[in-house]
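Counting from 1, the numbers follow the sequence of the chain as shown. Just so it is clear, the structure is predicted and the values come from calculations on it, not from any experiment.
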Amino acid sequence: MVTPGLADTTRITAGTAAIPIRVVGVVTAMPGTPEGTPALLADLAALRGQGAQGAGWPVTEWWLAADGNDTTPAATALARRDVVDVATLTAGYRDDPTAAGLQGALLLGFAAALAFAVLGFLVNAAVSARERRGEFAVLGALGVSFRQTLGLLAAEQSFVIGLSLAGGVALAVAVSAAVVPPMVTAGYATGGGLPVLLHVPWLQVAALAVAVLAVLLVIVAGLARSLHRREPAAALRSGEAS
């Protein structure tokens, strides 16, 4: 069994011996080796029988089969030896309290950032409405309807909202790629041969972006309603007085 990089290999060199091989299967990656590294799985006795006795290959690990994918009895029987149980190691990484605490802190920071972002957008909208009430009073006096006012504000804010959401998602993915893998392996000197894969739940990210978009559009609608309800004559007289 070989990885794709060795699919056309017909002969390998072991020590000083050139051994012919026949590839019986190709796998994407070999357990225990980094992804993308060429690797070969062969029977050690057969290799030695073909003249690889002097290769000096030490046995560094053993692979054991377990009935029903339950590794608990085997791990218990080998508890006195240096054994790495992949299932136990994975569960330890997932349930490690240090990593869970760091992930909880990151989640709280995200919630706080989201709340401040919405609050900042609300304050900016309120200040903008106060500064531009004269403009919208003129539009109201000319007969502009509420839907037209809402469409104008939505068109103005769509660029800011879209750019903010796109930039926020990109920044979140970049921060996750840099922060999440060290969090998962926090407190461990080695990864035990298990690579950390970053999985982005795009459906949940899209749902969250839609929810934030809905909240911001509600703020824009409230701003449009507030501007449309103002009496145009009073707003225009106030502008002339100032």
For [X], which residues count as a side-chain contact (heavy atoms from CB on, under 4.5 Å) partner, sequence neighbours excluded?
{"X": "D8", "value": "none"}
{"X": "V24", "value": "M1, R22"}
{"X": "P38", "value": "T3, L6"}

Next on the checklist: In the structure I gave you, are the side-chain heavy atoms of I21 and L40 within less than 4.5 Å of one another anywhere?
Outcome noted: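 Yes - at least one pair of side-chain heavy atoms lies under 4.5 Å apart.
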Checklist entry - Does a side-chain heavy-atom distance below 4.5 Å link V26 with V2? => result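 Yes, close enough: below the 4.5 Å cut-off.
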Checklist entry - Is L216 reachable from V210 through a run of hydrophobic residues whose side-chain heavy atoms are each under 4.5 Å from the next? => result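 The answer is no; the residues belong to distinct hydrophobic clusters.
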Distance-only donor-acceptor hits, side chain of residues 160-180, under 3.5 Å, sequence neighbours excluded:
{"unit_1": "S164", "atom_1": "OG", "unit_2": "V160", "atom_2": "O", "d": "2.7"}
{"unit_1": "S176", "atom_1": "OG", "unit_2": "A172", "atom_2": "O", "d": "2.7"}

Item to check | Approximate separation, where rounding is to 0.5 Å, of S158 OG and L213 CG | outcome: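 So the OG of S158 and the CG of L213 are separated by 10.0 Å.
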Checklist entry - In terms of heavy-atom contacts, does CG of L107 have more than 12 from other residues, nucleotides or ligands at under 6.0 Å? => result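 Check passes, neighbour count above 12.
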